[in-house]
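Keep in mind the model is a prediction, meaning the values are calculated, not measured.
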Amino acid sequence: MARPVAEFRRPEIIEGLRVTLISKGVSMPSNDDIAKNAGMSRQLVRHYYSRQQPIAVDLAKRLAVETQEALNRGLNQSLPAKRLDFLLDFLFGMVADDELRMPGDAPVEDALLSLAVGDDLLKTELNEEYSVLINQVSGEISRAYPAMDHSASLELAGVVMALASGHRKLASSLGLSSQSDQQARTAAARIIASYAQQDTLPMQQAAEESN
């Protein structure tokens with residue numbers, strides 16, 4: 001049975017939005033721009049997406065799937081003792097194998113975050129994807145340091161994700177060297193190790209006990 005045309009056209013439109021956001025910046029581009037980069041007419045874009053909001057949501061979903069597929073492939077290929085090392089390399093753009101590298105583009109990530117400010121549906125989608133990654137990072141930290149308190153591993157996951165996300169944006173915008181990737185990745189690893197070495201209390205509990 002032939003596949004519905006929409007199964008081909010919608011991915012083309014989503015890719016057209018991705019290419020447009022890379023070249024045009026953080027504002028939602030026009031259907032004309034999306035259609036041009038998708039290789040189709042504006043009318044055809046509107047036929048498959050009557051509104052632009054669902055295109056952005058579908059792009060966010062596509063990036064999340066690509067990210068999870070690459071990350072899981074790399075984790076599954078890593079020795080148990082090296083899974084956290086791969087995860088950090090992945091988050092800070094230090095994976096050499098193109099098939100295992102994080103597939104997202106920083107300009108696209110920035111644009112989606114900017115668009116989410118006024119778009120509850122997109123914001124919800126990005127929040128769900130972020131939660132999945134936070135839990136995955138926390139899980140790998142717990143796997144590497146099984147004695148660590150679960151709350152501490154979640155706190156660390158948030159710190160690592162914030163550091164990695166901020167670094168990727170700066171590296172993309174300013175053209176930072178690969179040395180900066182290594183420095184940021186090393187900082188993240190040291191933060192994790194410091195928790196493990198201290199058999200640390202969760203931050204909230206530690207703050208309460210210091211007062």
Between [X] (side chain) and [Y] (backbone), is there a donor-acceptor pair under 3.5 Å?
{"X": "Ser153", "Y": "His150", "value": "yes"}
{"X": "Arg83", "Y": "Ser78", "value": "no"}
{"X": "Arg185", "Y": "Asp85", "value": "yes"}
{"X": "Ser165", "Y": "Met161", "value": "no"}
{"X": "Ser138", "Y": "Ile134", "value": "no"}

Can you check whether [X] reaches [Y] side chain to side chain, under 4.5 Å on heavy atoms?
{"X": "Ile191", "Y": "Val160", "value": "no"}
{"X": "Gln136", "Y": "Gln68", "value": "yes"}
{"X": "Tyr48", "Y": "Ile55", "value": "no"}
{"X": "Leu84", "Y": "Leu87", "value": "yes"}
{"X": "Leu163", "Y": "Phe92", "value": "yes"}
{"X": "Leu100", "Y": "Asp89", "value": "no"}
{"X": "Leu17", "Y": "Asp58", "value": "no"}
{"X": "Arg62", "Y": "Glu15", "value": "yes"}

Side chains of Ser151 and Glu155, donor plus acceptor under 3.5 Å
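The criterion, which ignores hydrogens and geometry beyond distance, is not satisfied for Glu155 and Ser151.
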
Working note: Met40 + Ile13, criterion side-chain contact (heavy atoms from CB on, under 4.5 Å); need CA distance, chi angles, decisive distance, verdict.
CA-CA 8 Å; Met40 63 183 68; Ile13 294 169; 3.6 Å; yes

Taking NZ, NE, NH1 and NH2 as the nitrogens, is one of them in Arg168 or Asp110 under 4.0 Å from a carboxylate oxygen of the other?
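Looking at Arg168 and Asp110, the cut-off is not met.
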
More than 12 heavy atoms of other residues, nucleotides or ligands under 6.0 Å from [atom1] of [X]: is that the case?
{"X": "Lys169", "atom1": "NZ", "answer": "yes"}
{"X": "Arg73", "atom1": "CZ", "answer": "yes"}
{"X": "Gln179", "atom1": "CD", "answer": "no"}

Out of Leu122, Val57, Leu126, which one pairs with Leu115 under the side chain to side chain contact (heavy atoms under 4.5 Å, CB included) rule?
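That would be Leu122; it is the only one of Leu122, Val57, Leu126 passing the side chain to side chain contact (heavy atoms under 4.5 Å, CB included) with Leu115.
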
Where do Gly93 and Asp181 come nearest, in terms of heavy atoms and distance?
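The answer is O-OD2, 4.1 Å.
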
